[in-house]
Amino acid sequence: MESRIYKITLIEGDGIGHEVVPAARVVLEATGLSFAFEEAEAGWETFERIGTSVPEETVEKIERSDATLFGAATSPTKKIEGFFGAIRYLRRRLDLFANVRPAKYHPVPGATPGTDLVVVRENTEGLYVEQERRYARGRVAIADRVITYDASYRIAEFALELAKRRRGQLALVHKANVLPLSDGLFLEAAYDAAKRHPTVETEEVIVDACAMRLVRDPSQFDVLVMENLFGDIISDLTAGLVGGLGIAPSGNIGERAAIFEPVHGSAPDIAGKGIANPTAAILSAAMMLDHLGETRMARAIEEAVDHVLETGPRTPDLGGKATTFEFAEAVATRLREVI
Ligand code: NAI
Ligand code: MG
């Protein structure tokens, strides 16, 4: 088989991004695949230095590459003139319409065995159009929640294709009982898409009932698709089901580009100490390989991560004493043994 060279952009971002992205790179390099890595910058530190959180050069590098691995970016809690959140900007700018968040059991404390599902979150509309205003001398506030047929159809189509490659089940998560015009439109578009995929078994689940069913028995779900805010909340719930932020990977996928990133943030409380858990970043790198068609290697990385999570060394968040790089090296060593 001809081996190709994958062009990968690495964006560390801020805080523990500087630790977990290089750690994930160690594992990628252990695969034996050919990568041409290019580094790019984004986030708060970039903003402080040059006055923008995402330089044009970074956008160009992402567009030129086959995929991008992103660490995390810090967002200040108060409004700062000219600042915008790097990842939210990139999602919109590059039309990364699908936010894909797998929640799969890994052997860590508090994880629910049998969980193996993927939340597919619509990434471009809903409440995230950020159109808010106040009336009545500030005593009434309204936020627009935009649902379009086209975006709903596109995200449903993406989720249906994903379900076909998995166990063939898709939950359409909604609140159409209260919002028949907007969530009704989401369902209408999703059913139109589903007609073209008769092998996928679809069911409608109201979002609040979905939260309860997930907590009681996550193994009943395969792929779940929903609009932006529901996806934000439900995917944090599912991350919690499999052991929390240090573990959960994600992908932001569009037609022109794809950015993979751990769900966690820049963790300023532990940044610079070399103790961040790189599992979420490593699993994000595995998702990236799966996206590039290297499915077997993606699986091998997951298995190597599980082996090290089980046998150690572990990072302090999981009760161990290992540094970020000791963990990554252990995963890389295991990977070299099995491939
Ligand atoms: P966070 O995810 O950075 O941290 C929450 C808690 O989890 C902290 O105690 C942290 O030490 C711990 N933690 C997170 N990742 C860990 C890891 N890999 N290993 C061990 N422990 C880990 O969330 P927080 O504190 O709410 O936000 C910090 C900054 O990150 C903020 O500026 C926020 O805006 C940003 N953020 C960025 C995201 C992104 O880039 N996609 C996502 C979430 C937050
Ligand atoms: Mg969130």
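Ligands are counted one by one from 1 in listed order, and the atoms in each one are counted from 1 as well. One-based numbering along the sequence shown.
Scanning the protein for heavy atoms near atom 7 (O) of ligand 1, the closest one is Leu245 CD1, 4.2 Å. Regarding atom 18 (N) of ligand 1, its nearest protein heavy-atom neighbour is Asn277 O, 2.9 Å. When hydrogens are left out, the protein atom nearest atom 21 (N) of ligand 1 is Ile270 CD1, 3.6 Å; that is the closest non-hydrogen contact. Nearest non-hydrogen protein atom to atom 14 (C) of ligand 1 is His264 CB, 3.7 Å. Nearest non-hydrogen protein atom to atom 30 (O) of ligand 1 is Ser266 N, 3.0 Å.
Counting atoms of ligand 1 from 1 in the listed order, those under 4.0 Å from a heavy atom of Ala72 are 40 (O). Set against the non-hydrogen atoms of Pro268, the atoms of ligand 1 under 4.0 Å away are 28 (C). Ligand-side atoms of ligand 1 in range of Thr74: 32 (O), range being under 4.0 angstrom from any heavy atom. Shown in contact with Val263 at under 4.0 Å from a heavy atom are these atoms of ligand 1, numbered in order with element: 42 (C). Taking every non-hydrogen atom of Glu261 and a distance limit under 4.0 Å, the qualifying atoms of ligand 1 come out as 41 (N). Listed by number with element, the atoms of ligand 1 under 4.0 Å from a non-hydrogen atom of Ile16 are 15 (N), 16 (C), 17 (C), 18 (N). Taking every heavy atom of Ala276 and a limit of under 4.0 angstrom, the matching atoms of ligand 1 come to 19 (N).
Tyr6 and Arg4 form no side-chain donor-acceptor contact under 3.5 Å, judged by distance and modelled atom types alone. Under 3.5 Å, the side chains of Glu125 and Asn228 contain no donor-acceptor pair of N or O atoms. If you check the side chains of His106 and Glu302, you find no donor sitting under 3.5 Å from an acceptor. In the model, Thr124 has a side-chain atom that pairs as donor or acceptor with a side-chain atom of Glu122 under 3.5 Å. Donor-acceptor pairing under 3.5 Å is lacking for the side chains of Asp150 and Thr148. In this model, no donor atom of one side chain and acceptor atom of the other lie less than 3.5 Å apart for Tyr128 and Asn123.
The presence of a protein heavy atom under 4.0 Å from atom 34 (O) of ligand 1 is confirmed. Within a 4.0 Å radius of atom 25 (O) of ligand 1, the protein contributes no non-hydrogen atoms. Using a 4.0 Å threshold on non-hydrogen atoms, atom 41 (N) of ligand 1 counts as touching the protein.
Within the 4.0 Å heavy-atom shell around ligand 1 one does not find Val20. Taking 4.0 Å as the cut-off, Ala73 counts as a neighbour of ligand 1 on heavy-atom distance.
At least one N or O atom of Ala267 sits closer than 3.5 Å to an N or O atom of ligand 1.
Of the possible donor and acceptor atoms, one in the side chain of Thr324 sits under 3.5 Å from a partner among the backbone N and O of Gly274. Formation of a donor-acceptor pair under 3.5 Å by the Gln131 side chain with backbone atoms of Asp144 is not found in this model.
Partner Glu41 forms a side chain to side chain contact (heavy atoms under 4.5 Å, CB included) with one of Ile11, Val54, Ile50 and no other, that one being Ile50.
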Ile234 vs Met226, test: side chain to side chain contact (heavy atoms under 4.5 Å, CB included). Steps then yes/no. CA-CA 9 Å; Ile234 291 289; Met226 60 203 80; 3.8 Å; yes
Going through the checks in order, is the salt bridge (Lys or Arg N to Asp or Glu O under 4.0 Å) test met by Glu261 and Arg101? CA-CA 10 Å; Glu261 52 157 348; Arg101 289 200 184 184; over 6 Å; no
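The shortest distance between side-chain heavy atoms of Glu38 and Ile8 does not fall below 4.5 Å.
With distances taken over non-hydrogen atoms, the option nearest atom 10 (C) of ligand 1 out of Ile259, Ile87, Ile247, Asp269 is Asp269. Of the listed residues (Ser75, Ala23, Gly265), the one carrying the non-hydrogen atom nearest atom 31 (C) of ligand 1 is Ser75.
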